[in-house]
Amino acid sequence: EPVGEGALAVAFEQIKANWEQANSNALMLLRKRTMEELQSETGMQILAADLIADLDRTMFATAEPRVAKVVNVIWKDWLFQ
């Protein structure tokens with residue numbers, strides 16, 4: 001189903017308005033993980049699910065009607081130090 005221009009504009013405004021909080025929440029989720037969790041497939045799957053739930057709640061849960069939903073995490077770069 002195509003997304004209307006109005007819904008798209010609302011979704012982008014929600015992202016802009018909630019970006020800093022979402023970024024902070026994501027960092028806290030990462031900090032709570034052990035190295036062992038971050039290096040295991042299961043740990044990464046759990047982290048992805050937690051990130052999806054938190055990002056979705058932080059960015060889009062307050063809009064009525066709901067105009068967007070976070071459904072995936074794309075891992076671009078992964079660096080351990």
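Keep in mind the model is a prediction, meaning the values are calculated, not measured. Residue numbers count from 1 along this sequence.
Residue pairs meeting the salt bridge (Lys or Arg N to Asp or Glu O under 4.0 Å) criterion with at least one member in residues 44-53, sequence neighbours excluded, are Arg33-Asp50. For residues 16-27, every residue pair satisfying the salt bridge (Lys or Arg N to Asp or Glu O under 4.0 Å) rule, not counting sequence neighbours, is listed here: Glu13-Lys16.
A search for side-chain hydrogen bond (donor to acceptor under 3.5 Å, both in side chains) contacts involving Asn23 returns nothing, not counting sequence neighbours. With sequence neighbours left out, the salt bridge (Lys or Arg N to Asp or Glu O under 4.0 Å) criterion links Glu37 to no other residue. Every residue two or more places apart in sequence or in another chain that forms a side-chain contact (heavy atoms from CB on, under 4.5 Å) with Asp54 is listed here: Asn25, Leu29, Arg57, Thr58. Applying the salt bridge (Lys or Arg N to Asp or Glu O under 4.0 Å) criterion to Lys32, with sequence neighbours excluded, gives no partner residue.
The CD atom of Glu41 sits 4.5 Å away from atom CD of Gln45, with the distance rounded to the nearest 0.5 Å. Summarising the geometry, atom NZ belonging to Lys69 is positioned 4.0 Å from atom CG belonging to Asp56; distances are rounded to the nearest 0.5 Å.
Leu55 and Trp19 fall within a single hydrophobic cluster, where Ile, Leu, Val, Met, Phe, Trp and Tyr are joined by side-chain heavy atoms under 4.5 Å apart, directly or via other members.
What you find for Gln14 and Met59 is that their closest heavy atoms are CB-O, 3.4 Å. Contact between Leu38 and Met44 at its shortest, heavy atoms only, is O-SD, 3.4 Å. Across every non-hydrogen atom of Val70 and Ile52, the tightest pair is O-CG2, 3.3 Å.
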Verdict with reasoning, Arg66 to Phe60, per side chain to side chain contact (heavy atoms under 4.5 Å, CB included):
CA-CA 7 Å; Arg66 191 171 177 115; Phe60 302 121; 4.3 Å; yes
- Check the pair Leu30, Leu47 against side chain to side chain contact (heavy atoms under 4.5 Å, CB included), reporting the backbone distance first and the verdict last. CA-CA 8 Å; Leu30 284 167; Leu47 175 59; 3.5 Å; yes
